Protein chains: 2
Amino acid sequence: MSLRIAPTRARDEVPTATVERLPVYLHVLDRLRAGGIATVSSAELAERSGVTSAKLRKDLSHLGSFGTRGVGYDVDFLHRSIADWLGVHEPLGVVIVGLGNLGHALATYRGFAGGGFRVVGLIDVDPDVVGRTVACGDESLTVRPVADLREVAASAQIGVIATPGSAAQDACDRLVAAGVTHLLSFAPRFLAVPPGVEVRAIDVGVELQILAFRQRQAAHEPGAVSA
Amino acid sequence: MSLRIAPTRARDEVPTATVERLPVYLHVLDRLRAGGIATVSSAELAERSGVTSAKLRKDLSHLGSFGTRGVGYDVDFLHRSIADWLGVHEPLGVVIVGLGNLGHALATYRGFAGGGFRVVGLIDVDPDVVGRTVACGDESLTVRPVADLREVAASAQIGVIATPGSAAQDACDRLVAAGVTHLLSFAPRFLAVPPGVEVRAIDVGVELQILAFRQRQAAHEPGAVSA
DNA sequence: TAGATTGTTAATCGATTAACAATC
DNA sequence: TAGATTGTTAATCGATTAACAATC
């Protein structure tokens with residue numbers, strides 16, 4: 001194992017678009033490493049990540065210099081460098097609000113365990129759901145009532161909103177009131193939050209509409225605007 | 001009801017970024033309309049959509065001219081104009097592969113019904129899951145085995161991949177072989193597809209990593225790259 | 001050395017923003 | 001008319017791309 005020092009740069013100089021691709025590279029490197037691949041070129045890594053090699057090299061150049069000209073990247077070293085730069089070392093606590101099918105899927109999602117996360121709390125309004133245990137990675141958690149949200153959220157850095165749309169803003173408000181500043185929302189609705197709180201929203205309906213548009217466009221269906 | 005003619009423009013002249021925001025505007029307009037609001041200004045609509053008013057007006061200007069200076073937009077007219085431009089009139093068929101918790105959540109998602117979609121097929125490998133009926137909007141569908149994928153996919157324009165990551169590429173290949181050209185994937189893995197096939201990937205792990213990075217950045221935790 | 005591949009440069013491209021003329 | 005708000009312009013900003021010098 002090499003003892004190279006990675007000459008990294010400050011986080012806030014790195015473009016947003018680059019930051020949003022780093023987890024993808026990290027994931028691909030993880031799989032390469034698991035497959036016993038020791039070295040990878042920017043062309044290979046880029047293709048497996050779904051980007052161009054120029055973009056990949058440009059992205060990495062914002063963090064520092066990790067490769068060897070004429071050779072490529074040491075998979076393990078590059079993985080460690082990106083992971084360290086992102087700060088994956090100590091896991092963040094995640095609280096999930098809403099344990100319908102989606103919430104369950106998220107709670108049992110293996111990605112939480114692997115990538116520096118730990119589910120620390122599950123909250124639901126339904127008395128039939130409260131009290132159930134859900135296996136989250138290694139440990140099991142009990143679903144707790146909304147009354148416990150504040151207490152549970154105290155040990156969480158990230159909140160996940162998996163409630164029906166009608167309950168999303170309320171869940172959001174409660175999480176924010178409990179001091180959670182970073183939220184991942186699956187609700188089909190724009191969430192109003194105070195300054196300093198960041199929401200990433202995943203709206204399946206919107207994603208489908210975009211895909212549908214492209215599909216119709218590809219099919220050359222006119223679909224003109226009528227009177 | 002007005003009989004205004006919307007002077008729209010060709011679809012392929014409209015920027016990608018704009019197209020990807022149109023479904024959001026459409027959704028907000030839908031809610032405004034449901035709330036009995038007849039007129040809305042760009043400032044109001046923009047705020048509810050989470051964008052600036054300048055961006056909203058610029059976006060709409062790519063499709064045509066829908067407002068009235070000094071007044072704002074007629075909610076119903078603007079909604080209809082965007083819906084028509086996107087081509088929401090005739091619903092697209094959706095086939096969902098993988099009916100774990102996530103697949104179930106998607107199958108019962110009301111967004112499918114509302115926004116010009118119709119779930120036409122459910123596919124799973126698990127013999128225990130095959131044969132079950134799932135309520136998708138108005139109608140109930142029976143989960144069918146992978147052997148039926150080709151037949152089911154024939155009436156679908158969009159494929160949704162909700163399998164575990166390890167089965168995602170196989171599901172993708174089968175859908176593509178069946179002629180489905182537009183895919184929405186929830187698998188934490190890059191899917192290789194032939195040219196002409198479009199994949200939108202939603203990776204919860206990646207989303208969380210981005211959020212986690214911002215959280216750690218906001219907390220001013222150094223997390224420097226080590227040797 | 002010869003071949004390969006990185007890291008960087010500079011040009012291009014697209015998206016955002018602020019300001020305002022047009023006009024209801 | 002006076003006030004309000006759109007649609008558009010032009011400037012700015014950020015991201016992508018191609019090409020190549022550096023260097024293993």
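The model shown is predicted, which means the values in this text are computed figures rather than measured ones. By convention in this document, chain letters (A, B, ...) are assigned in the order of the sequence lines, proteins followed by strands, and residues within each chain are numbered from 1.
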Please give, in whole Å, the distance from [N] [atom2] to [X] [atom1]?
X	N	atom1	atom2	answer
L78(B)	dT6(D)	CG	C1'	12 Å
L56(B)	dG7(D)	CG	C1'	11 Å
H62(B)	dT16(C)	NE2	C1'	11 Å
E20(A)	dA15(D)	CD	C1'	12 Å
R21(B)	dG14(C)	CZ	P	15 Å
E13(A)	dG14(D)	CD	C1'	15 Å
D59(B)	dA15(C)	CG	P	10 Å
L60(B)	dT16(C)	CG	P	14 Å

Exercise for review: For S53(B), report the nucleic acid contact type (base, sugar-phosphate, nothing); a contact means any heavy atom under 4.0 Å.
Suggested key: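 If one applies the 4.0 Å heavy-atom cut-off, S53(B) turns out to touch nothing in the nucleic acid.
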
Exercise for review: Assign T18(B) to base, sugar-phosphate, or nothing according to its heavy-atom contacts below 4.0 angstrom with the strands shown.
Suggested key: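 Here T18(B) touches no strand at all.
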
Check your understanding: If you pin K55(A) and G70(A) to their nearest nucleotides in DNA chain D, which one's is more 5'?
Key ->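 Whichever sits nearer the 5' end wins; that is K55(A).
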
[X] side chain: which of [options] is closest?
X	options	value
A17(B)	dA15(C), dT23(D), dA18(D)	dA15(C)
R69(B)	dG7(C), dA15(D), dT23(C)	dT23(C)
S61(B)	dT16(C), dG7(C), dG7(D)	dG7(D)
K58(B)	dT8(C), dT16(D), dT16(C)	dT16(C)

Taking the side chain as every heavy atom from C-beta outward, state whether [X] and [Y] have any pair of such atoms under 4.5 Å apart.
X	Y	answer
L45(A)	L56(A)	yes
L22(A)	L63(A)	yes
N101(A)	L102(B)	no
T181(B)	Q215(A)	yes

Practice item. Look only at the side chain of Q157(B) and the backbone of G93(B), and say whether a donor-acceptor pair between them is shorter than 3.5 Å. Key: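 Yes.
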
**Study point:** More than 12 heavy atoms from other groups under 6.0 Å of CD on E47(A)
**Key:**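 Atom CD in E47(A) is not crowded, with 12 or fewer foreign heavy atoms closer than 6.0 Å.
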
Exercise for review: Could you tell me whether R21(B) atom CZ has more than 12 heavy atoms of other residues or ligands within 6.0 Å of it?
Suggested key: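 Check passes, neighbour count above 12.
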
**Study point:** Close residues, residues 23-44 of chain A, relative to DNA chain C [heavy-atom separation under 4.0 Å]
**Key:**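 Per residue number, the list reads S41(A), S42(A).
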
Could you tell me whether [X] and [Y] make a salt bridge, using a distance below 4.0 angstrom between a side-chain N and a carboxylate O?
X	Y	result
E20(B)	R214(A)	yes
D170(A)	R174(A)	yes
D76(A)	R80(A)	yes

Think [X] has a side-chain N or O under 4.0 angstrom from the OP1 or OP2 of [N]?
X	N	value
Y73(B)	dC24(C)	no
R57(B)	dC20(C)	no
T68(A)	dC24(D)	no

Check your understanding: Reading DNA chain D 5' to 3', what string of ( ), [ ], | and . shows its pairs, if Watson-Crick and G-U wobble pairs count only when both distances fall under 3.5 Å?
Key -> ..||||||||||||||||||||||

